[in-house]
Protein chains: 2
Amino acid sequence: MGEQSIENQDSELVVECSIEKVLDVIGSKWSFLILRELFCGVKRFSELQRAIQGVSPKALTDALRHLEKHDIVIRTVYPTVPVKVEYSLTEKGQDLHTIIKEMKYWGAKWG
Amino acid sequence: MGEQSIENQDSELVVECSIEKVLDVIGSKWSFLILRELFCGVKRFSELQRAIQGVSPKALTDALRHLEKHDIVIRTVYPTVPVKVEYSLTEKGQDLHTIIKEMKYWGAKWG
DNA sequence: CAGCATCCAAAACGATACTG
DNA sequence: CAGTATCGTTTTGGATGCTG
């Protein structure tokens, strides 16, 4: 409590509280849903778009870039024609599984 | 995957996926921080405002009302002068502790 | 103390159209 | 396929001032 937030040279928030860190790294509601999908395995852009109902390409791209920047997902491009892009989780990202699993439990219990 | 979202008679989203349920119930970033505080025990409005740095009275009220509506927190008013209001967690709210705890672990490990 | 009301700025998001 | 670009709407939330 009483955590401090300061800005670094990139004008990005440097958050001291652990919970804020997680929220900052995940970023948005969409990211949770992306994670939910990627825990099941590697997915392509269009697969994510289909699985996460209601997400626009823009929102999906934004969320994926955010997660990539925070070292949660890896973007792999295969130079085929047409291009194939796959998204997978880093170890840091895999480690979020416990949180998402707990959320699933809670949702199943109280939803 | 492929969860459906429909609207009920109150035009509120009825979400089928467990994770979406949790996100819907919690509602916002502020709610996570409110929960963080309330797991430590009952808190008053002003205590929450002081503990959660950067939150405006409006944002705090909004988040508390939201959590109240979803049966996560209880608002108790003591008719003293001046008024005293305490916020505490319901059992449903207490049950979110595992999630927040996992978030703390992750934040401590990777932050 | 514990808010509510108002106003306004910024950010998030949806729809749509287009590209390498 | 995997996006980007643009536009407009919605949501969010900060600032401020007021009240029982």
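Each chain gets a letter, A, B and so on, in the order its sequence line appears, and its residues count up from 1.
Here the side chain of Val85(B) is nearest to one of dG20(D), dG3(C), dG13(D), namely dG3(C). Closest to the side chain of Ser56(B), from the set dG14(D), dG3(C), dG3(D), is dG14(D). Comparing atom distances between the Thr61(B) side chain and each of dT16(C), dG3(C), dA2(D) picks out dG3(C) as nearest. You'll find that the side chain of Trp30(A) is closest to dG14(C), out of dG14(C), dG13(D), dG3(D).
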- Task: Please step through salt bridge (Lys or Arg N to Asp or Glu O under 4.0 Å) for the pair Arg50(B) and Glu47(B), ending with a clear verdict.
- Result: CA-CA 5 Å; Arg50(B) 240 172 297 120; Glu47(B) 291 179 304; 5.7 Å; no

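Remark: Arg75(B) is not in phosphate contact with dA2(C), judged by side-chain N or O atoms under 4.0 Å from OP1 or OP2. OP1 or OP2 of dC1(D) has not a single side-chain nitrogen or oxygen of Tyr87(A) nearer than 4.0 Å. A sub-4.0 Å separation between OP1 or OP2 of dT4(D) and a side-chain N or O of Arg65(A) is present. The phosphate of dA2(C) (OP1 or OP2) has a side-chain N or O of Ser46(B) nearer than 4.0 angstrom. Between Arg44(B) and the phosphate of dA2(C), there is a side-chain N or O to OP1/OP2 separation shorter than 4.0 Å.
Rounding to the nearest 0.5 Å places CG of Asp95(B) at 9.5 Å from CD of Glu102(A).
The nearest heavy atom of DNA chain C to Val55(A) and to Pro82(A) marks one nucleotide each, and the one closer to the 5' end goes with Val55(A).
Look at CD1 on Ile34(A): it is 11 Å from P on dG3(D), rounded to the nearest Å. For the pair Leu64(B) CG and dA2(C) P, the computed distance is 11 Å after rounding to whole Å. Taking atom CG of residue Asp62(B) and atom C1' of nucleotide dT11(D), one finds them 11 Å apart after rounding to whole Å. Following rounding to the nearest Å, Gln49(B) (CD) and dG13(D) (P) show an atom-to-atom distance of 15 Å. Protein atom CD1 of Ile52(B) is 13 Å distant from nucleotide atom P of dG3(C), rounded to whole Å. Note: CG (Leu60(B)) to P (dT16(D)) measures 18 Å, nearest angstrom. In this structure, Gln53(A) places its CD atom 11 Å from P of dG14(C), rounding to the nearest Å. Atom P of nucleotide dG17(D) and atom NZ of Lys58(B) are separated by 17 Å, given to the nearest angstrom.
Under the side-chain contact (heavy atoms from CB on, under 4.5 Å) test applied with Ile34(B), the options Leu67(B), Leu89(B), Ile26(B) reduce to a single match, Leu67(B).
Residues Ser31(B) and Ala63(B) share a closest heavy-atom pair of OG-CB, 3.9 Å.
Contact annotation for Tyr78(B): no contact, since no heavy-atom pair falls under 4.0 Å across all strands.
With Tyr87(A) as the aromatic partner, Lys43(A) does not meet the cation-pi criteria of under 6.0 angstrom to the ring centre and within 45 degrees of the ring axis.
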